[in-house]
Amino acid sequence: AFHDVKTGATFTPMQHLTDAKASFEIYNSPLSEYAAMGFEYGYSAEAPDGLVLWEAQFGDFSNGGQIIIDQFIAAGRAKWQQTSRLTLLLPHAYEGAGPEHSSARLERYLQLAADDNFRIANPTTPAQYFHLLRDQAKSARARPLVIMTPKSLLRLKAAGSTIKDLDERGFTPVLDDPSVVQRDEIKRLALCSGKIYYDLIAYPKRAEARDLAIARVELLEPFPYDQVMTLVGSYPNVKRVTWVQEEPKNMGARAFVSRRIREKLTPKGIVFDYVGRADRASPSEGYPGAHAVEQERIVNEVISGSA
């Protein structure tokens with residue numbers, strides 16, 4: 001609406017469209033993730049053929065809807081046999097914008113995961129994202145889906161897909177390192193999920209680390225155990241598997257992944273370790289400079305093998 005500062009009169013262009021056939025009204029309401037997520041969950045349960053997406057502007061916005069997540073999204077099928085295709089799109093990546101803009105608390109969803117109650121994914125390409133949403137809409141079995149969606153990947157040229165990726169391939173839970181030529185040269189395998197993959201492959205010294213392969217776990221729950229172990233086995237001389245993440249050690253997917261593969265690697269003589277931020281109460285640094293220093297340390301430790 002335009003306001004005349006002299007007369008106080010207002011003019012709303014939307015109310016004066018020549019071909020308009022419907023009214024247009026705007027209401028200002030409280031910002032309540034709890035209310036919005038509750039509405040979306042109820043709508044998705046009552047409209048099983050629809051794909052309902054709840055998107056947060058920042059990852060921490062889901063904090064306000066935590067009651068809906070705990071009591072309905074994670075446990076609705078177990079408690080009441082209530083199914084839903086509700087999909088949560090949660091920005092989650094460490095890009096120097098501060099704690100409240102970085103973390104969607106991935107660890108909370110992984111902690112709630114049991115009995116195949118929902119899927120949790122952190123796709124790194126448009127094709128992977130597309131196939132996830134298409135499967136969510138078309139699958140005969142309805143269940144909630146949580147997708148971590150790093151904002152910076154929307155504009156990152158390296159995070160692109162071809163028409164072939166969209167047309168001929170489906171969702172792939174684990175993506176191998178496409179740069180590896182000689183698999184028997186690989187002695188270190190870095191597993192990661194999400195945006196940090198692009199930080200790792202863009203590091204200037206990456207090409208020098210010929211003994212290192214960097215793979216992505218795109219689907220975290222249900223955890224693609226067989227695919228991960230097959231990937232590890234495809235590198236006959238690998239001696240170390242490292243879980244790499246941007247989150248602090250007490251957050252993110254580290255504990256979740258460690259419980260699933262550590263015991264299987266030890267008998268094979270393969271060491272499992274971790275590179276990321278130390279245990280912290282806050283998800284990330286509050287200053288871009290401090291963030292850059294910490295991010296540089298993480299990536300350098302992985303590439304150089306100094307962990």
Side-chain angles (χ1 to χ4, degrees), residues 29-92 100 103-123 128-129 131-149 170-171 173 193-194 217-228 245 247 250-261 263 283:
S29 60
L31 179 59
S32 170
E33 291 80 22
Y34 175 57
M37 193 181 294
F39 175 85
E40 304 289 14
Y41 179 81
Y43 189 96
S44 67
E46 290 299 313
D49 293 333
L51 178 60
V52 182
L53 298 91
W54 182 90
E55 183 174 18
Q57 184 178 4
F58 300 110
D60 68 297
F61 275 30
S62 60
N63 292 348
Q66 195 65 36
I67 297 173
I68 302 298
I69 295 167
D70 290 348
Q71 293 190 246
F72 295 92
I73 296 175
R77 183 165 64 91
K79 292 191 290 189
W80 311 299
Q81 289 298 303
Q82 185 176 56
T83 59
S84 165
R85 296 183 192 272
L86 180 62
T87 298
L88 305 186
L89 306 177
L90 307 179
H92 179 89
E100 311 314 327
S103 178
R105 294 292 188 178
L106 172 61
E107 63 277 0
R108 288 180 180 170
Y109 300 95
L110 296 176
Q111 203 169 37
L112 291 167
D115 298 326
D116 202 21
N117 57 340
F118 50 37
R119 292 188 297 170
I120 304 169
N122 196 353
Q128 289 281 80
Y129 180 56
H131 290 303
L132 262 176
L133 291 182
R134 185 176 67 168
D135 182 68
Q136 183 71 353
K138 296 175 68 67
S139 175
R141 181 182 176 187
R143 56 179 167 172
L145 169 65
V146 179
I147 304 181
M148 301 292 145
T149 56
F171 178 74
S193 186
V217 180
E218 302 276 287
L219 180 69
L220 290 163
E221 172 61 27
F223 188 73
Y225 174 81
D226 291 339
Q227 291 96 321
V228 170
Q245 67 180 33
E247 303 93 338
N250 57 313
M251 303 178 194
R254 182 203 61 83
F256 181 84
V257 173
S258 175
R259 289 196 302 272
R260 283 153 179 79
I261 65 173
E263 293 182 357

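- Side-chain contact check for Q245 versus L106: every heavy-atom pair is 4.5 Å or farther apart.
- Using a 30° and 60° split on the angle between ring planes, F72 and W80 fall in the tilted class, from 30° to 60°.
- Between V52 and E46, every side-chain heavy-atom pair lies at or beyond the 4.5 Å cut-off.
- With hydrogens and angles disregarded, no donor-acceptor distance shorter than 3.5 Å links the side chain of Q71 to the backbone of Q66.
- Side-chain atoms of R105 do not come within 3.5 Å of backbone N or O of S62 as any donor-acceptor pair.
- For the pair R85/P144, no side-chain contact is recorded, criterion being any heavy-atom separation below 4.5 Å from C-beta on.
- Taking 4.5 Å as the limit, every side-chain heavy atom of P123 sits out of range of all side-chain heavy atoms of H131.
- Rounding to the nearest 0.5 Å places CD of E218 at 8.5 Å from CG of L132.
- Minimum interatomic distance between P173 and P224 (heavy atoms only, all atoms of both residues): CB-CB, 3.8 Å.
- Residues V228 and V257 form no side-chain contact, since every pair of their non-hydrogen atoms from C-beta on lies 4.5 Å or further apart.
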Passes side chain to side chain contact (heavy atoms under 4.5 Å, CB included), L89 versus Y129? Steps please. CA-CA 11 Å; L89 306 177; Y129 180 56; 3.5 Å; yes

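- Each of L88, I73, L86 was scored for a side chain to side chain contact (heavy atoms under 4.5 Å, CB included) with I68, with one residue passing: I73.
- Between H92 and M148, the closest heavy-atom pair is CB-SD, 3.4 Å.
- Between the NZ atom in K79 and the CD atom in Q81 there is a gap of 13.0 Å [rounded to 0.5 Å].
- Around the NZ atom of K138, the shell of radius 6.0 Å holds no more than 12 heavy atoms that belong to other residues, nucleotides or ligands.
- Judged by distance alone, the side chain of N117 and the main-chain N or O of L112 form a donor-acceptor pair under 3.5 Å.
- The structure places CH2 of W54 at 12.5 Å from OG1 of T87, a figure rounded to the nearest 0.5 Å.
- Considering only residues two or more places apart in sequence or on other chains, F58 meets the ring-ring contact (aromatic ring centres under 6.0 Å, His included) condition with F61, H101.
- Distance CZ/R143 to OG/S84: 12.5 Å, rounded to 0.5 Å.
- Nearest approach of L110 to G252, heavy atoms of both residues: CD1-O, 4.0 Å.
- With hydrogens and angles ignored, the 3.5 Å screen pairs no side-chain donor or acceptor of R254 with any backbone N or O of N250.
- Taking 4.5 Å as the limit, some side-chain heavy atom of R141 sits within range of a side-chain heavy atom of D116.
- The two atoms that bring R108 and N63 nearest to each other are NH1-OD1, 2.8 Å, heavy atoms only.
- Residues Y109 and L90 form a side-chain contact, since some pair of their non-hydrogen atoms from C-beta on lies under 4.5 Å apart.
- The main-chain N or O of Y41 is found under 3.5 Å from a side-chain atom of S44 such that the two form a donor-acceptor pair.
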